Amino acid sequence: MTANPSAADYRAAADRLALPSRAFIDGAWRPAVSGRTFENRDPATGAVLGQVAHCDGRDVDLAVAAARRAFEDGAWSRAAPEERKAVLLRLADLVRANAEELAVMESLDSGKTIRDCLNEIGHEVPTFFQWYAELADKSFGKVAPTGEKSLAMIVKEPVGVVGLVLPWNFPLLMAAWKLAPALAAGCSAVLKPAEQTPLTALRLAELAAEAGLPAGVLNVVPGFGETAGQAIGRHRDIDVVSFTGSTEVGAYFLRYASESNLKPVGLEMGGKSPFIVLDDADIDEALVSSAVSAAFWNGGQNCSANMRQIVDRRVKDAFLDRVLAKTRALAVGDPLDPATDLGAMVSEEHRARVLSYIEAGRQEGARLLAGGGPSAGLAGSFVDPTVFDAVTPSMRVAREEIFGPVLGVIAVDGIEEALRVARDTDYGLHATIFTRDIDKAFHLARRLPCGTVAVNGFTEGNVTTPFGGYKRSGSLARDNGTEAVDQYLQTKTIWVSLR
Ligand code: NAD
């Protein structure tokens with residue numbers, strides 16, 4: 001491709017892509033046992049991209065059997081950590097080398113902008129494989145404080161076969177968040193991408209095999225939640241499930257576990273995160289960019305989207321003026337155009353859901369200042385970035401996860417009201433605080449029941465920092481950071497009696 005590819009260049013690259021269509025089980029491509037397929041569409045155009053294997057319980061059984069065999073034969077699970085490290089580093093390099101192809105594939109599959117896909121797949125995804133690869137041979141066990149007559153070692157072992165069930169909003173990045181630590185730990189995996197976005201996880205499995213991952217260690221079963229997802233949740237030979245998705249489906253996984261083999265379930269779920277602006281904050285470019293990207297990044301299809309913007313009444317007008325100007329300048333359109341800021345919603349069905357929330361906001365009396373509907377002149381699943389003022393904490397748009405480009409401003413008087421409103425939610429994933437006063441920042445950061453608090457800049461952290469939620473946003477499990485590996489390890493005590 002040219003140095004600065006255009007939309008036409010990316011479209012031409014898209015036309016040249018060979019899209020995966022079968023499951024990847026035990027190192028080989030396979031159709032679903034049933035022979036069934038499902039249609040995979042580009043949400044930006046509605047075009048059918050292809051047919052993908054519609055895996056169900058029988059395919060999951062095959063994948064788990066392959067994963068178990070691979071785990072027991074030890075080629076990966078008992079390999080020296082530096083051998084696992086070498087393979088994962090090669091995988092990081094292969095993702096980098098194929099980033100453009102993967103990014104175009106992901107943009108087509110999900111409606112995400114090519115800019116975001118290139119950033120996530122060109123930089124973040126390989127960073128995850130690299131970071132956990134490097135951790136593999138730097139994690140030590142412990143020796144317990146016993147007397148001289150005994151030696152007690154505390155060692156960590158890979159937990160076994162892990163089921164990884166993924167959402168559609170960051171398809172390859174979420175795969176990397178889970179796979180990199182699970183593989184570094186020595187586990188075998190059965191991974192189910194979301195039915196809306198099956199493609200890049202399948203291509204990743206092929207790259208992992210090319211990097212030297214033994215057959216059966218990574219199996220990818222595309223399919224639907226009720227069939228393939230439930231089969232993973234209920235499988236008696238899966239040792240751990242790590243799930244990212246909605247709170248509703250996360251609750252199903254707890255039920256599946258309790259009704260099968262009591263496997264531990266790590267849950268990363270939804271959010272309704274606050275963005276707090278105190279009256280001493282500078283309403284400057286950094287703040288306004290953060291507010292806009294907190295609400296609209298990835299079309300608002302982001303678990304940590306800060307849609308509840310809780311703004312001190314004294315600075316609200318200045319805040320809204322600048323946020324509106326920036327929102328109106330956002331380019332909505334062809335995801336493959338590098339100038340596009342907001343691509344398509346992942347599906348028509350999801351767009352309808354987002355639009356129904358915008359309607360609910362109107363009906364409940366929130367004041368619509370920007371957007372408010374489908375994007376004019378665009379045929380696919382697009383929604384214009386929408387800003388509501390006069391949102392109150394009891395409105396549905398302030399309580400329920402919308403997962404679309406909707407920013408709502410709730411005016412408050414002072415820090416204690418801001419804290420009360422921010423805490424008034426069932427979720428606890430993320431929060432952003434803007435203030436010049438470090439004492440106030442820490443007061444809020446400590447009292448907000450959520451997994452990540454960003455001060456004076458919207459961020460989710462990076463590979464080094466654990467990510468997960470309090471309350472209905474998550475379980476005690478964390479993705480990212482050294483904590484992520486804990487999801488995939490067992491702890492064993494070996495006690496030696498000495499003479
Ligand atoms: P979803 O819960 O609908 O689906 C997630 C996965 O679960 C998919 O693979 C799906 O096929 C599967 N699934 C659906 N129904 C199932 C069932 N009955 N049994 C078993 N599996 C089932 O979520 P989504 O719409 O793909 O993603 C959006 C949600 O994900 C949002 O709520 C968002 O907040 C959340 N999310 C959270 C994080 C995080 O780290 N906390 C990150 C990204 C997305």
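Bear in mind that the values here come from a model prediction, so they are computed numbers and not experimental data. Order of appearance sets the numbers: ligands from 1, and atoms from 1 within every ligand. The figures that follow rest on heavy atoms only: side chains count, while hydrogens, waters and symmetry mates do not.
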Heavy-atom nearest neighbour of [atom] within options [options]:
atom                    : options                        : value
atom 5 (C) of ligand 1  : Thr244, Leu267, Val346, Val249 : Thr244
atom 35 (C) of ligand 1 : Gly229, Ser304, Gly245, Gly468 : Gly245
atom 34 (O) of ligand 1 : Gln196, Arg255, Glu401, Glu226 : Glu401

Shortest protein contact, [atom] (heavy atom only):
atom                    : value
atom 28 (C) of ligand 1 : Phe403 CE2, 3.5 Å
atom 41 (N) of ligand 1 : Met269 O, 2.8 Å
atom 25 (O) of ligand 1 : Trp168 NE1, 2.8 Å
atom 22 (C) of ligand 1 : Gly225 CA, 3.2 Å
atom 39 (C) of ligand 1 : Cys303 SG, 3.3 Å
atom 8 (C) of ligand 1  : Leu166 O, 3.1 Å
atom 2 (O) of ligand 1  : Ser246 OG, 2.6 Å
atom 44 (C) of ligand 1 : Asn169 ND2, 3.3 Å

Element-labelled atoms of ligand 1 that are located less than 4.0 Å from some non-hydrogen atom of [X]:
X      : value
Glu195 : 10 (C), 11 (O)
Ala194 : 9 (O)
Gln230 : 19 (N), 20 (C)
Phe253 : 20 (C), 21 (N)
Phe243 : 2 (O), 5 (C), 6 (C), 7 (O)
Val165 : 6 (C), 7 (O), 9 (O), 12 (C)
Leu429 : 41 (N)

Within-4.5 Å side-chain heavy-atom neighbours: Asp59 and Arg30: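 The answer is no, as the side chains (C-beta and beyond) never meet within the 4.5 Å cut-off.
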Pro158 and Phe71, any side-chain heavy atoms less than 4.5 Å apart: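 Of all side-chain heavy-atom pairs linking Pro158 with Phe71, at least one is under 4.5 Å.
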Value rounded to 0.5 Å, distance of CZ in Phe403 from CE in Met345: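 The distance works out to 10.0 Å.
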Tyr256 heavy atom under 4.0 Å from ligand 1: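 Per 4.0 Å heavy-atom rule, Tyr256 contacts ligand 1.
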Check ion pair Asp239-Arg68 (N to O, under 4.0 angstrom):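 Salt bridge flag = yes for Arg68 with Asp239.
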Aromatic ring proximity, centroids under 6.0 angstrom, Trp177 and Phe467: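 Yes, they do, as the ring centres are separated by less than 6.0 Å.
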Ligand 1 versus Gln301: contacting region, heavy-atom distance under 4.0 Å: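 No part of Gln301 is near ligand 1 at this cut-off.
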Minimal non-hydrogen separation, Ala99 against Gly122, with atom names: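 Looking at all heavy atoms of both residues, the closest pair is CB-CA, 3.7 Å.
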